[in-house]
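Below is one structure, written out as C-alpha cells; comments come after it.
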Amino acid sequence: MDKIVIRGGERLIGEVEVSGSKNATLPIFVSCLLSQGDNLFYNVPHLRDVQTIIKVLENLGVRVSEKNGVYQINATEISNDEAPYDLVKTMRASILVLGPLVARMKKATVSLPGGCAIGARPINLHLMGLEAMGAKIELRHGYIEAKADVLKGANISFDTVTVTGTENLMMAATLAKGKTTLQNTAVEPEVVDLANVLNKMGARINGAGTSLIEIEGVESLHAVEHTIIPDRIEAGTLMVAAGLTRGNIKILHCPLSEMEMVVHKLRESGMEIESEGDGVRAVGMKRIRSVDIRTQPYPGFPTDMQAQFMVLMSLARGLSVISETIFENRFIHVSELRRMGADVRIQGDSAIIQGVESLSGATVMATDLRASASLILAGLAAEGVTVVSRVYHLDRGYEGLDKKLAKLGANIKRVKEGD
Ligand code: EPU
C-alpha cells in the first residue's frame, strides 16, 4: 500500500483543476441500469470508488468501457440481479443499485452494508420507500431480497434527509406505474445532476433541488451523453490547503455557486475567495480567525468538509466549536491531529478546538476518506515531515490530490509502504 510523505511549510501557488464529482458519478453510473443503449459520460474522476461501482455494474452484466477518459455504459442486457457482500462491503454506495434493479428486473438481492468507520449509517429509509411502492422486502443471510412485479407510484416522506436514499427512490420511481411524491428530500447538487441525467433519459422528474420531488413513471428510458459536475468537496479541500499555507491559488472548474456555506466560513476565517475569469482565486492570510461550524444537509455546511475545516481551526487564533450533526462518529481524525499537536477536545457531537501556533509532523493514518484528506492538509502546514499511511482511503475519493498539491509547490510525494 502507498503512503504519502509531506514536508510542511511550502506556500501553495499556481493553478489547479477540480475533477468530476465522486458523489455525482456513483448514482449516475448506476442510473444506466434503467436505460437501454450506450450512455457516454465525460469528466468522470479517476477514483477507486468509481472502479468499485463499475465492478458492481459489470457483475450485473452491464458493459462498461473507457476510452480517453470517456466512459461508455450499456445496460441493455442485465444478466444478474445480485450485488454481493464482497463489493458492497468495500463501498456502501453500492446500495444505490437496489431501487433501479427492482424497477427494471422486478427483483434484486443486495448485501446489507454493515456499519462503517463514520457511523452506523442505516438504510431503513431506502427500504421503507421501496415497500411503499409495493416491493416485498426480506432480509436473509445478510442480504436484502426485494421483489415487485410492478412498482407503483407512492407518497413517501423521509424522516431524515438522506442523499443516497433520495437518489435510490428517485431512480426506482422513474419506471414505476403512476406518480411518486418524495418529501423532505436531499437537495444536494449531486441529486440534481442525477435528476438531470434521468430526465435526459426520458424520465419525468420535477422539483429536484427542492425538498419535494415529483416523478411521473414512464415505460422505458434511453441512453444519454452527460458531463459530470465538478466536485465541490475537492474544491473546498483545495481552498483549505491554500488557507493553511498562506497560499495564493486559482481553482479551475470550481463550482462556487454550490459552495456558499463553505466559502462563507472560509472568508470568516480570513481567507479571500473571489471569482476570477474562468476560475476562483483562494488566498490564505497569515492570521487565521476562529469560526464555529455545524454540519447540516445542503445548503448547510457539508459533513464531507468538516475534517478539513478542523485542521484550519487547529491553527486559528482562539477557540472554535465544530458540531457534527450528520454522522455520529466522524471525528476519527481528531486523535491523529492531536498527535500532530492540535488541541482538540470532543464533547458529545462537538469538537472544541483551541488554536495552536504550529503543528508538528508525525506518522498518522485514518480509516475514512475525508479524515485522510485532513491529515494531508495538516501535513502541508506542519513543521517537519508527516507520513500519511493507508492512502487507500484518499484514493477512493480524490483524484491525484498529491500530484495536484505537488504542482502547486507542496513538498509531497507518494512512496510504497516499507520504503
Ligand atoms: N440515514 C438513516 N436512514 C437511512 C439513510 C440515512 O437514518 O435510510 C441517516 C444516516 O445515518 C445519516 C443521515 O441519515 O445520519 C444522512 O445520511 P445520508 O443517507 O444522506 O448519507 P449517504 O447517502 O449514505 C452521502 C454521501 C456521503 C455524505 C453524505 C452526507 C454519497 C455516495 N455519499 O452518503 O459522502 O457524507 O451523503 O452528505 O453520496 C464522502 O464522500 O466522503 C461521503 C461519506
Side-chain angles (χ1 to χ4, degrees), residues 1-12 117-118 234 236-247 269 284 286-288 290 304-322 324 329-347 350-398 400-406 408-419:
M1 230 189 272
D2 294 347
K3 57 188 179 183
I4 287 181
V5 181
I6 309 151
R7 183 174 288 280
E10 300 296 335
R11 278 187 79 197
L12 299 189
I118 60 176
E234 188 199 348
T237 304
L238 291 166
M239 285 176 183
V240 173
L244 279 164
T245 60
R246 282 188 289 125
S269 80
K286 190 156 186 207
R287 176 189 276 239
I288 302 169
S290 59
D304 292 345
M305 276 299 298
Q306 178 258 109
Q308 301 89 313
F309 200 81
M310 188 181 295
V311 180
L312 191 66
M313 290 304 100
S314 69
L315 286 169
R317 293 255 167 128
L319 195 75
S320 53
V321 179
I322 294 185
E324 171 58 58
N329 192 25
R330 217 178 193 182
F331 284 136
I332 325 164
H333 42 287
V334 168
S335 48
E336 298 299 275
L337 290 177
R338 278 202 201 116
R339 297 186 50 244
M340 296 179 73
D343 180 352
V344 186
R345 269 181 306 130
I346 306 285
Q347 236 172 52
S350 296
I352 297 149
I353 304 132
Q354 175 65 55
V356 292
E357 282 295 317
S358 63
L359 294 174
S360 68
T363 298
V364 287
M365 67 167 196
T367 47
D368 161 62
L369 161 60
R370 308 302 170 187
S372 300
S374 77
L375 297 178
I376 304 260
L377 294 178
L380 296 176
E383 284 171 4
V385 175
T386 296
V387 180
V388 182
S389 53
R390 292 219 195 162
V391 172
Y392 164 85
H393 291 282
L394 188 79
D395 293 339
R396 288 187 56 180
Y398 286 92
L401 184 63
D402 46 326
K403 288 206 188 93
K404 290 185 185 184
L405 293 171
L408 291 170
N411 187 338
I412 181 170
K413 62 180 183 208
R414 183 180 282 251
V415 296
K416 292 259 166 265
E417 200 90 56
D419 286 3

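Values below: all heavy atoms of this structure, side chains included; hydrogens, waters and symmetry mates excluded.
- Looking at S314, its side chain never comes within 3.5 Å of a backbone N or O of G355 through a donor-acceptor pair.
- In this structure, M340 and G379 approach most closely via the heavy-atom pair CE-N, 3.9 Å.
- Salt-bridge formation is detected for the pair R330/D304: a Lys NZ or Arg NE/NH1/NH2 atom is positioned less than 4.0 Å from an Asp or Glu carboxylate oxygen.
- Put simply, the side chain of R390 never gets that close to the backbone of T367: no donor and acceptor are under 3.5 Å apart.
- Counting all heavy atoms, side chain and backbone alike, L337 lies closest to A378 at CD2-CB, 3.8 Å.
- In this structure, L315 and A381 approach most closely via the heavy-atom pair CD1-CB, 3.7 Å.
- Put simply, the side chain of L375 does not reach to within 4.5 Å of the side chain of T386, judged on heavy atoms.
- No side-chain heavy atom of E383 sits under 4.5 Å from any side-chain heavy atom of L359.
- R370 contributes atom CZ, which lies 9.0 Å from atom CE of M305 (distance to the nearest 0.5 angstrom).
- The minimum heavy-atom distance between Y398 and T237, with the atom names listed, is OH-OG1, 2.8 Å.
- In this structure, CG in L380 is found 7.0 Å from CG in L244, a value given to the nearest 0.5 Å.
- Here the side chains of S374 and Q306 are not in contact, with every heavy-atom distance at 4.5 Å or above.
- E10 and A410 make their closest contact through CB-CA, 4.2 Å (heavy atoms, listed as atom of the first residue, atom of the second, distance).
- Side-chain contact between L405 and L238 is present, with heavy atoms from C-beta onward closer than 4.5 Å.
- If you take CG on L319 and CD on Q354, they are separated by 5.5 Å, rounding to the nearest 0.5 Å.
- One N or O on the side chain of R338 and one on the backbone of V344 form a donor-acceptor pair closer than 3.5 Å.
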Quiz item: Under the side chain to side chain contact (heavy atoms under 4.5 Å, CB included) criterion, do M313 and I288 qualify, and how do the steps go?
Solution: CA-CA 8 Å; M313 290 304 100; I288 302 169; 4.1 Å; yes
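- L377 CG to T245 OG1: the interatomic distance, rounded to the nearest 0.5 Å, is 9.5 Å.
- Between I412 and I376 the shortest side-chain heavy-atom distance falls below 4.5 Å.
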Practice problem: Decide side chain to side chain contact (heavy atoms under 4.5 Å, CB included) for D2 and K416; before the verdict, give the C-alpha distance in whole Å, the side-chain angles of both, and the deciding distance to 0.1 Å. | Solution: CA-CA 4 Å; D2 294 347; K416 292 259 166 265; 3.0 Å; yes
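- Of all non-hydrogen atoms in I6 and I4, the two that sit nearest each other are CG1-CG2, 3.9 Å.
- In this structure a side-chain-to-backbone donor-acceptor pair under 3.5 Å is missing from R345 to I352.
- Rounded to the nearest 0.5 angstrom, K3 NZ and K413 NZ are separated by 10.0 Å.
- In this structure, CD on E336 lies 11.0 Å from NE2 on H333, to the nearest 0.5 angstrom.
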